[in-house]
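The block underneath contains the structure these notes are about, expressed in structure tokens.
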Number of protein chains: 2
Amino acid sequence: MLKNLALICRMEIPSKYYISDYKIPIDEYFVFGLSVDCVIFGYHEGEIKVLLVQRDAEPFKGHWALIGDLVEPNQNLRDAANNVLEKLTGLKNIYMKQFFTFGSVDRHPIGRVVTVGYFSLVNSMDYNPIASSWAKSAQWFSISDLPELAFDHHNILQKGIETLKNEVRHKPTGFELLPSKFTLLELQLLYEALLGYKFDKSNFRKKILEMKILKPLNEVKENVSHRPAKLYSFDEKSYRALEKEGFSFQL
Amino acid sequence: MLKNLALICRMEIPSKYYISDYKIPIDEYFVFGLSVDCVIFGYHEGEIKVLLVQRDAEPFKGHWALIGDLVEPNQNLRDAANNVLEKLTGLKNIYMKQFFTFGSVDRHPIGRVVTVGYFSLVNSMDYNPIASSWAKSAQWFSISDLPELAFDHHNILQKGIETLKNEVRHKPTGFELLPSKFTLLELQLLYEALLGYKFDKSNFRKKILEMKILKPLNEVKENVSHRPAKLYSFDEKSYRALEKEGFSFQL
DNA sequence: ATACTTAAAGTAAAAAATACAATAAGTATT
DNA sequence: AATACTTATTGTATTTTTTACTTTAAGTAT
């Protein structure tokens with residue numbers, strides 16, 4: 001039995017909906033597949049990582065790839081992206097952002113599949129691929145040492161990295177990569193990894209504290225063999241309030 | 001005769017391409033329509049404008065809308081967006097940027113149509129709707145005084161405006177809205193309109209000239225009833241060179 | 001008690017941003 | 001031709017921010 005919506009359209013949609021003079025019947029425009037691909041960033045030991053899976057089916061069997069999936073006919077894009085992330089990591093409520101849509105005619109061997117790229121920032125402590133059901137095939141890779149990727153995933157990943165680096169300097173999103181309680185030095189090292197250059201410790205501290213977007217906690221870092229640093233958490237409420245007054249994060 | 005690619009897929013694509021366990025046959029995922037919608041920005045008399053057309057067909061007949069069109073099965077997204085712009089304005093080689101993809105399940109009454117938003121910056125001197133073949137229906141609107149829009153075009157437009165305002169402050173794209181030769185005051189007024197606040201004339205001039213991205217011309221503004229200002233043009237080569245050295249535009 | 005490590009605070013110099021002021025170079029008017 | 005008028009362009013003093021270090025504090029390890 002035939003359920004293709006394009007055909008249903010041809011039968012049911014009144015001609016008043018034909019919004020232009022198309023060269024071919026309008027149902028023949030409904031031939032696109034739609035997918036989402038997720039660039040999942042993590043941070044570990046001073047390096048920005050990205051989560052990849054090894055494909056166990058053709059095409060590109062054995063190649064590493066971004067995780068992604070076809071979007072269901074009745075599924076919103078954001079839901080599709082969240083599902084993909086949750087299926088792999090079990091994580092919900094993760095920072096996620098659409099960054100670009102890739103639609104080259106020949107990007108997918110199965111047909112015309114347009115894919116929407118999302119990136120998400122995961123505190124790498126929250127997810128260990130070894131413990132996941134995809135264990136055998138999922139792995140964190142440093143973005144400076146990537147394997148060859150399936151499809152046009154190299155393009156997608158590069159665009160994702162570019163967008164992240166750009167966003168991170170103007171919005172306080174980098175925090176998502178850290179545990180909820182962190183020291184100022186940990187934050188500094190994260191930003192050094194993200195932006196690719198060093199900060200002066202004293203000046204970094206001054207600058208970030210002056211912004212008033214960190215909440216100082218009455219706790220210190222444990223299990224260090226030297227003076228423990230005070231822990232802070234990102235103060236989202238305070239940031240939102242400042243943003244309304246015209247403040248804009250800048251590093 | 002039936003030409004739907006989804007069906008062709010079902011017949012011809014070997015099972016090794018079935019990349020996951022899908023709940024429904026894979027051809028039933030190929031039911032999406034794809035379109036592009038363009039937010040065309042112009043600048044005139046100190047105001048940021050956007051070009052809208054009045055729909056002459058259902059749905060939303062009579063409503064103003066962004067210009068856009070369905071993407072052909074063998075057409076790349078960028079080409080589709082350029083075509084739409086050229087069909088309306090006759091302009092080629094216009095700055096154009098993809099900014100977001102809108103895919104809510106019920107955003108289009110004809111079926112599942114996902115639309116990719118592009119914005120373009122047009123020097124409004126280059127296009128006058130009166131002279132165009134769409135004359136009767138195309139019109140510039142100030143972004144502070146917009147009519148009600150068809151579909152979810154209000155969302156798309158707002159997201160486009162947000163993206164423009166964001167981009168303009170970190171990349172020298174605002175220049176695209178001016179004629180190729182402009183005075184420093186004209187540039188300042190443009191940025192004041194884009195960013196929503198005033199600059200000190202002397203300081204703005206100092207800052208922008210220090211960037212070394214403007215080429216001073218041996219020409220002055222004509223037809224003004226006071227001392228004419230020197231004309232400048234944006235020096236793209238110089239900007240690209242500086243960018244490689246790590247310079248980043250900031251206003 | 002001492003050495004060692006990192007946290008946290010301070011400080012002086014340099015650079016950049018800001019707010020004006022002064023001068024220059026045109027056009028329009030008398 | 002002299003004068004008023006308008007905007008362009010240059011200059012300058014003050015304030016603020018950034019930068020590069022220095023000093024002191026507070027913990028752990030020996």
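All values below were derived from every heavy atom in this structure, side-chain atoms included, with hydrogens, water molecules and symmetry-related copies excluded. Please read these numbers as outputs of a predicted model, since none were measured by experiment. In what follows, chains carry the letters A, B, and so on, assigned in the order in which the sequence lines appear, proteins first and then strands, with residues in each chain numbered from 1.
Taking atom CZ of residue A:Phe204 and atom C1' of nucleotide D:dT17, one finds them 17 Å apart after rounding to whole Å. Residue A:Lys207 contributes atom NZ, which lies 9 Å from atom C1' of D:dT17 at whole-angstrom precision. The distance from atom CG of B:Leu209 to atom P of D:dT10 is 8 Å, rounded to the nearest whole Å. B:Lys230 places its NZ atom 7 Å from the P atom of D:dT9, with the value rounded to the nearest Å. For the pair A:Glu219 CD and D:dA26 P, the computed distance is 20 Å after rounding to whole Å. Rounding to whole angstrom units, CD of residue B:Gln250 and P of D:dT17 are separated by 16 Å. When the P atom of C:dA8 is taken as reference, atom CD of A:Gln188 falls 12 Å away, rounded to whole Å. Atom-to-atom, CZ of A:Arg205 to C1' of C:dT11 comes out at 16 Å; the value is rounded to the nearest Å.
Checking B:Phe141, B:Trp140, B:Phe151 one by one against B:Trp64, the ring pair (Phe, Tyr, Trp, His ring centres under 6.0 Å) holds for a single residue, B:Phe141.
Using the Watson-Crick or G-U wobble rule with both distances under 3.5 Å, D:dT17 pairs with C:dA14.
The residue B:Val224 sits close only to the backbone: its heavy atoms come under 4.0 Å of sugar-phosphate atoms, none of a base. The residue B:Leu185 sits close only to the backbone: its heavy atoms come under 4.0 Å of sugar-phosphate atoms, none of a base.
Relative to the ring axis of B:Phe100, B:Lys159 places its NZ or CZ within 45° and under 6.0 Å from the centre.
In the interface, the side chain of A:Lys206 is paired with the base of C:dT11 through a donor and an acceptor atom under 3.5 Å apart. Remark: the A:Arg227 side chain and the C:dA7 base include a donor-acceptor N/O pair separated by less than 3.5 Å. A:Asn203 contributes a side-chain N or O that forms a donor-acceptor pair with the base of D:dA20 under 3.5 Å.
The CD atom of B:Glu219 lies 3.5 Å from the NZ atom of B:Lys181; values are rounded to the nearest 0.5 Å.
Looking at A:Thr115, its side chain does come within 3.5 Å of a backbone N or O of A:Ser35 through a donor-acceptor pair.
Using cut-offs of 30° and 60° on the angle between ring planes, the pair A:Phe99 and A:Phe102 is perpendicular.
Residues A:Glu210 and B:Tyr232 both approach DNA chain D. Their nearest nucleotides, taken by heavy-atom distance, put B:Tyr232 toward the 5′ side. The residue among A:His226 and A:Ser202 whose nearest nucleotide of DNA chain C is located toward the 5' end is A:His226.
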